[in-house]
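Written below as structure tokens is the structure these notes are about.
Counting starts at 1 for both ligands and their atoms, in listed order.
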Amino acid sequence: MQENNKSYPILIIGAFTVILFASMVAYICTYAVTNHRVMMDNSYNAHQTLLRKQNTRGTIYSSDGKVLAETKTDEVGNETREYPYGKTFSHVIGFSVNGRSGIENLANYYLINSNAALKSKAEAKENDQKFPGDNVYTTLDTALQETAFEALSARDGAIVVTEVETGRVLALVSKPDFDPGTILNDWEEITSDKNNTQLLNRATQGLYPPGSTFKIVTALEYYKEKGEDYKNYTYNCNGKFTSGDDVIRCFHGESHGSLDFAMSFAKSCNSSFANMSLQLDKSDFGKTLEKLMFNSDLPWEMNYSKSNAVCSDALSDGDTMQLGIGQGTTTVTPLHMNLITAAIANDGTLMKPYLIDKVVTADGKTIESFSPKEYKKLMSEDESDFLKTLMEGVVEKGTASKLKGLSYTAAGKTGSAEFKDSTSDSHAWFTGFAPAEDPEIAVTIIVENAGSGGEFAVPIAKRIFDRYFEMK
Ligand SMILES: [Zn+2]
């Protein structure tokens, strides 16, 4: 008993010591971790400053070996960053000042370092020059970028071109644009006007109503739920579809007459798709949207916006009809639409899109190279085959007939997305791929406030496809 009595204080002191020690450890750990991050940032910044003093920023090349950005040094050592293609690559290459953007930001780490051979470094030192930074080769193709840039002309909008089997980004255009070479001088003008959205990369950050391009998603959901029964689907369009107080009209009030499933898609009949969307399971539709990366992250390493499309049992019939035709609160980025299209073209598998192909030292030694990576299966091969056939129908007998009878085959979906309460204001969309039977590239276009997709976006797609197949 005595021993026990004595042991209580010891236990209490012991426990107290343990608690005190534990809290000290916790405090030290928290303090160290929190401040470690600050220290890391500071040393990183200091390190960057050092690297910039030591090395000349590397050059950014296109996949065809053209200079897209390079640093020139004059006799007294002043450096200027030059962009030989001016505005053509503005958003995707970006700039290296004022916080950086585009590939200038994405590849900054490579560009400010120099892994040049000792001999080259010794030579530079002898001539009182900085070490040559490492160069970055992108996946971008100058001919396709120039074609896309010119085809969009003075319109606002965006174009995304990717290689479906690899995920290589071949072209990325956004307008209005800016000249990265004069960005410092233009900065105040560009940023002072709140309505001026020149710096916004519409291809990846622009959220647009998808309009009829979204019928790809609605058609997929219908097929997932009904399977081969889609062949029995018929609808007689008189220009509008009414459910309760909600009315959906076909573009320009057109009456499409008697349609099966494929013709509803080819002619882009809003009434038929509103009718179709009410036959879908709302909860399952919601799951399909998540699988297609709506309301979620995209495999993209630069700035982008998340697309919005929601469907659940709580969604009203009116909102479901709007969703089915890609209107209402549904928004998507051109990049996201391109990724869905590329996955359809690639048997349902989305390859991770990428922009940097390799990093090469000033002496030509490759120190890092990037290869295609599978990101995610967005749908089964059977489902992608189903959508491919529907998209071929759009070219053969529907709204993208301007792509018919060419030296190559193409498939796709048009859209004329309304963005005000008026049918006269619509964004022209096209998203598709070529060749239809063995797809190589996916092209997505949005032309703001232009009119119908068939009239204004399809001809741009044709110019890009033409250029691509000319080069082969
Ligand atoms: Zn119709």
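The pair E146-R467 does not meet the salt-bridge criterion, since no charged nitrogen lies less than 4.0 angstrom from a carboxylate oxygen. A salt bridge is defined here as a Lys NZ or Arg NE, NH1 or NH2 lying under 4.0 Å from an Asp or Glu carboxylate O, and D466 with R463 fails to meet this definition.
With a cut-off of 2.8 Å, the protein N/O/S atoms near the Zn ion (ligand 1) add up to 4.
Annotation: cation-pi geometry not satisfied between K215 and F265 (NZ/CZ under 6.0 angstrom from ring centroid, within 45° of ring axis). Judged by the 6.0 Å distance and 45° axis criteria, K175 is positioned over the aromatic ring of F149. Cation-pi geometry between K352 and Y375 is not met at under 6.0 angstrom from the ring centre and within 45 degrees of the axis. Cation-pi geometry between K226 and Y230 is not met: the NZ or CZ atom fails to fall both under 6.0 Å from the ring centre and inside 45° of the normal.
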